[in-house]
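Structure record follows, encoded as structure tokens.
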Amino acid sequence: MNRILLALCLVFVCGVRPLHIDAQQAPAPAPRVPDPGSRIPSSVQPVLDQYCVTCHNERLKTGGLALDSLKPDRIAADAETWEKVVRKVRAGLMPPAGAKRPDRGSLDAFAAAIEGTIDRFAANNPNPGRAPLHRMNRVEYANAIRDLLVLDVDPSTLLPADDSSHGFDNIADVLGVSPSLLERYVSAAAKISRLAVGEREAAPVQVTYTVKGDLSQNQTLDGQPLGTRGGTTIRHNFPVDGEYLIRLSLLKLSFGQVFGEGAEGEELEVTLNGQRVKLFKLDEVPMFFMRESPGSHPAKPQPTDPLEERVKMTADIRLEFRMKVKAGPQDVGVAFLQKGYSANEDLVKRPVSSTYDVFIGMQYGYTTAPHLSRVVVTGPYNSTGLGDTPSRRRVFVCRPTSAADEGACARQIVSTLVRRAYRRAPSAADVESILTFYQQERDRTGNFEAGIEMALRRILADPEFIFRFEPAPAGSKPGIPYRIGDTELASRLSFFLWSTIPDDELLTLAIDGKLHEPAVLEKQARRMLADPKARALVTNFANQWLYLRDLKNANPDVTVFPDFDDNLRQGFQRETEMLFESIMREDRSVLDLLDANYTFVNERLARHYGISNVYGPDFRRVPVPSDARRGLLGHGSLLLVTSNANRTSPVIRGKWILENLLGSQAPLPPPDVPPLEEKPTAAARSVRERIEQHRANPACASCHKIMDPIGLALENFDAIGRWRTTDEGVRIDGSGQLVDGSVLDGPSSLRKAMLGRSDAFVGSMTEKLLMYGMGREIKYYDMPAVRIVMRDAAKNRYRFSDLVMGIVKSAPFQMKTSGKAEEASKVASR
């Protein structure tokens, strides 16, 4: 490992080896030319003078803007400021509420005139921005390992969590590097290479899989076999053929008692790839408050079936056994066999997880069936061989028949791995460098496979695997854009759509210098978008954009929402993911994210929403139960992550929608703002009444009048997304008025108002997609490219594929600027 770390430091820190430069570089574009049309159109000045400059001038500088100081003949030089103006106008936030404002048509024409001027200048002077050196985040790293070696790894056990910026964890500027992180990459490379190749003398390793404590296990869970309840299914990679210890733990109360220990006739089944390997018959023990004298409950005889074992559910219960398993990824299932239940028994119950919750459970009638808490896999023991795993088949593309064949076979293996790992054609120097590590380990151990494992370890620790280098072509000048090479384009496309390395088809086209051809590029992008791996846009892009990753940390107050459980939390996430994926897979308009008349539910979620005739754990597509549930605004996921633990938060909901769906930054609160009264009072019981009392303070009113009407329109949804008509006994009032004068009376009117400004929503989503696809923050000079994507996509009502293809074809995606892009933009505008 020390040799690997030394090589890594020499390459990355000291720059011993020159970075690879793709020969397939397109010539630099023509020099920038001045644009005589970069002055404010005559139609803009009257609107500025009458509605804008009265507040945004050198004397007042409201919002930090002094529009009267901008030169009318140099609009491109002040594009950053004008983009802020356009964003506020497009979202309907300017002029402010209460101020005199022109009609909607005049404001739209005003914004379009400014945008047109900036866009015409940008067309003659493209500025694709500067892409910083991009390190794979740990999700991308795990996906790359999966596709390189057919090996699933848990990146959270190998690498630290990544920082995020603007809601995404793939932004290059925050994906930093430190000596300790380099060591973690080297350590990860060692562990992964041993897993991929196999290690005959591997020491036993313990891996723990935890089931969330508030997961209700009183019914069949999604993905579990019919006839079972609760439990979990894990996909575990067994490194070699051998014996493995399986240890199960049941959920316990805070004082150590097994939850549900008084249940009768419970059976816990363990399966391997769907076949039973163990059945624990759990003998009931009276609950702690019903105990009798020792010996009053004698043990029952053990079953004759060798796969069955009878165990008493005492505090020190041991549920463990050994089994022989073949190497490779295997599905281990653990679930309770379902018993008969009475027709009127409510199976949607959360487990009791604390002493305090026990009495809540008694009050609400919670069931007390045993729940699975953990599955621990330890091994191998008594290894019998390396086995024939998918990862070994991927690595060993050849097998030497004699010692004389080993050198040629090692070269073939290394060349194949380097090509995929470095995402380009390997040079002779690349291969020779890696073969040095192979040969040293081969000579030391006398083992061919040990040498290959060391070579693989060196490849996985190489900066060209961990980082996405995009070197400038020879002769490039600072501030002058150039088109990136085909292999760099392949990586951008693959990490955008799949969050992983290019596959062989894409990489071959890139190495052959054909990928930049428009027809080839479009065909590949559409192929990739239709591939199952494009679900990364759901699990990575949508999950971060829509805050679905925050659901795991959302814990509503159990005293206020006693029937909330992890099943509902998972249902919320699955519903929103499936809506997004349906729009992606069916190539629907992205506006359906706001206006879809269908959703996806299972029995648990359907009951929460009041949808009848839905049974079982499987999700299915159903019509929305009411107009208020259409689109994202009716999803429990959005409503939960924008609430407090014990109540709704119209301020958080309004701010979230303003920033994430409409693309406008909410105003920052002034210092020393008093907090909202948390508890109802005689004068202000409902949340709305407390907010109105709060914003009576002039210091608070200016911000709240922008956000509150949006959030208050959703007050009929409580903190866990359930429909209600009263709050603290007060009838819900969802009325309000947006800054642009649109009147609201609930979720439906808010949705219609947002659809009325669909360009704001589509523009925000396009910016988010471009930011995610580029892995960098979106700047003002990117907005002309965003508008080109929007204009082209508008022809087909903003189909999802049109937005993606527009981004792939855009200048920021296919080009790059040497040096600082901001300075380049300013120089070009002079």
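Predicted model only: the values in this text are computed from it and were never measured. No hydrogens, no waters, no symmetry mates; every other heavy atom, side chains included, goes into these values.
A heavy-atom distance below 4.5 Å is not found between the side chains of V186 and L182. For the pair T445/Q440, no side-chain contact is recorded, criterion being any heavy-atom separation below 4.5 Å from C-beta on. Taking the side chain as every heavy atom from C-beta outward, F467 and M136 never approach each other to under 4.5 Å. T817 places none of its side-chain heavy atoms less than 4.5 Å from the side chain of I480. The closest side-chain heavy-atom distance from Y381 to R322 is below 4.5 Å. Counting heavy atoms from C-beta outward, L489 and R483 have side chains that stay 4.5 Å or more apart. In this structure, Y422 and T487 have side chains that are not in contact, with every pair of non-hydrogen atoms separated by 4.5 Å or more. In this structure, the side chains of E505 and Q524 come closer than 4.5 Å at one or more pairs of heavy atoms.
With sequence neighbours excluded, the residues satisfying side-chain contact (heavy atoms from CB on, under 4.5 Å) with S801 are R526, L529, D587, R799. Under the salt bridge (Lys or Arg N to Asp or Glu O under 4.0 Å) criterion, E406 pairs with R442, not counting sequence neighbours. Considering only residues two or more places apart in sequence or on other chains, V153 meets the side-chain contact (heavy atoms from CB on, under 4.5 Å) condition with A142, I145, L151, L158, I192. For D792, the salt bridge (Lys or Arg N to Asp or Glu O under 4.0 Å) partners at least two apart in sequence or on another chain are K795. Residues meeting the salt bridge (Lys or Arg N to Asp or Glu O under 4.0 Å) test with R374, sequence neighbours left out: none. Partners of A172 under the side-chain contact (heavy atoms from CB on, under 4.5 Å) rule, at least two apart in sequence or in another chain, are P132, H134. Listed by chain and residue number, F496 satisfy the ring-ring contact (aromatic ring centres under 6.0 Å, His included) test with F813 (two or more places apart in sequence, or in another chain). By the side-chain contact (heavy atoms from CB on, under 4.5 Å) test, R393 pairs with D388, P390, sequence neighbours left out. Among residues two or more places apart in sequence or in another chain, the salt bridge (Lys or Arg N to Asp or Glu O under 4.0 Å) test is passed with E449 by R392, R399.
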### Task
Apply side chain to side chain contact (heavy atoms under 4.5 Å, CB included) to the pair L521 and M805, showing each step before the final yes or no.
CA-CA 9 Å; L521 181 61; M805 292 308 307; 6.0 Å; no

### Task
Go through the steps for D162 and R135 under the test side chain to side chain contact (heavy atoms under 4.5 Å, CB included), then give the verdict.
CA-CA 10 Å; D162 297 300; R135 172 175 64 81; 3.4 Å; yes

### Message
Pair V418, S415 - check side chain to side chain contact (heavy atoms under 4.5 Å, CB included), show working.
### Response
CA-CA 5 Å; V418 166; S415 298; 6.0 Å; no

### Task
Would you check, one step at a time, whether the test side chain to side chain contact (heavy atoms under 4.5 Å, CB included) holds for K768 with F168?
CA-CA 9 Å; K768 299 285 187 182; F168 296 106; 4.0 Å; yes

### Message
Between D443 and Q439, does the side chain to side chain donor-acceptor pair (under 3.5 Å) criterion hold? Intermediate values first, please.
### Response
CA-CA 6 Å; D443 294 343; Q439 194 63 55; 2.9 Å; yes

### Message
What verdict does the salt bridge (charged side-chain N to carboxylate O under 4.0 Å, His left out) test give for R420 and D503, after you've listed the backbone C-alpha separation in whole Å, the side-chain angles of each residue and the deciding distance to 0.1 Å?
### Response
CA-CA 8 Å; R420 291 293 310 281; D503 64 0; over 6 Å; no

### Task
Let me see the working for R194 and E453 under salt bridge (charged side-chain N to carboxylate O under 4.0 Å, His left out), right down to the final yes or no.
CA-CA 7 Å; R194 287 196 296 266; E453 186 272 321; 5.4 Å; no

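With N127 contributing its side chain and Y781 its backbone, the two residues share no donor-acceptor pair below 3.5 Å. Side-chain N or O atoms of T157 include one that pairs as donor or acceptor with a backbone N or O of D154 at under 3.5 Å. A donor-acceptor contact shorter than 3.5 Å links the side chain of Q814 to the backbone of V808. Side chain of S193 to main chain of A189: a donor-acceptor pair is present (N/O by atom type, distance under 3.5 Å, no hydrogens or angles). Without hydrogens or angle criteria, S187 side chain to R184 main chain gives no donor-acceptor distance under 3.5 Å. Judged by distance alone, with hydrogens and angles left aside, the side-chain atoms of S494 form no donor-acceptor pair with the main-chain N or O of S491 at under 3.5 Å. Distance alone, capped at 3.5 Å, places no donor-acceptor pair between the D531 side chain and the A534 backbone. Judged by distance alone, with hydrogens and angles left aside, the side-chain atoms of S433 form no donor-acceptor pair with the main-chain N or O of A429 at under 3.5 Å. In this structure a side-chain-to-backbone donor-acceptor pair under 3.5 Å is missing from D512 to L509. A donor-acceptor pair under 3.5 Å links the side-chain atoms of W545 to the main chain of N660, judged by distance alone.
Across all their heavy atoms, L493 and A525 have their closest contact at CD1-CB, 4.2 Å. In terms of heavy atoms, L181 sits closest to G176 at CD2-O, 3.4 Å. Closest non-hydrogen pair, A188 versus Y141, comes out as CB-OH, 3.7 Å. The two residues M774 and P812 have their closest heavy-atom pair at CE-O, 2.9 Å. When all heavy atoms of V789 and L803 are compared, the closest pair comes out as CG1-O, 3.7 Å. R419 and D504 make their closest contact through NH1-OD1, 3.6 Å (heavy atoms, listed as atom of the first residue, atom of the second, distance).
Ring geometry, F580 versus F800: the interplanar angle exceeds 60°, so the pair is classed perpendicular (tilted spans 30 to 60°).
Side-chain atoms of N170 and N137 include no donor-acceptor pair closer than 3.5 Å. For N540 and R549, the side-chain atoms include at least one donor-acceptor pair closer than 3.5 Å. Counted by atom type alone, T539 and N543 present zero donor-acceptor pairs between their side chains at under 3.5 Å.
Contact check on E441 versus R444 returns a salt bridge, with a Lys/Arg side-chain nitrogen under 4.0 Å from an Asp/Glu carboxylate oxygen. Between R492 and E470 there is a salt bridge, since a side-chain N of the basic residue sits under 4.0 Å from a carboxylate O of the acidic one. Between R138 and E140 no salt bridge is recorded (no basic side-chain N to carboxylate O distance below 4.0 Å). Here D486 does not pair with R424 in a salt bridge; the nearest charged N to carboxylate O distance is not below 4.0 Å. Under the 4.0 Å criterion applied to side-chain N and carboxylate O atoms, E464 and R423 are not assigned as salt-bridge partners.
Legend: salt bridge (Lys or Arg N to Asp or Glu O under 4.0 Å) pairs involving residues 141-152, not counting sequence neighbours, sorted by first then second residue: D147-K533. Contacts classified as salt bridge (Lys or Arg N to Asp or Glu O under 4.0 Å) and involving residues 232-241 (residues at least two apart or in different chains) are given here: R235-D331, D241-K326.
Remark: R458 qualifies as a cation-pi partner of F437 under the 6.0 Å distance and 45° angle criteria applied to the six-membered ring.
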Without placing hydrogens or testing angles, list every side-chain donor-acceptor pair under 3.5 Å for residues 203-211, not counting sequence neighbours.
| from | atom 1 | to | atom 2 | distance (Å) |
| --- | --- | --- | --- | --- |
| Y209 | OH | H236 | ND1 | 2.6 |

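Side-chain rings of F238 and Y244 approach one another, their centers coming within less than 6.0 Å.
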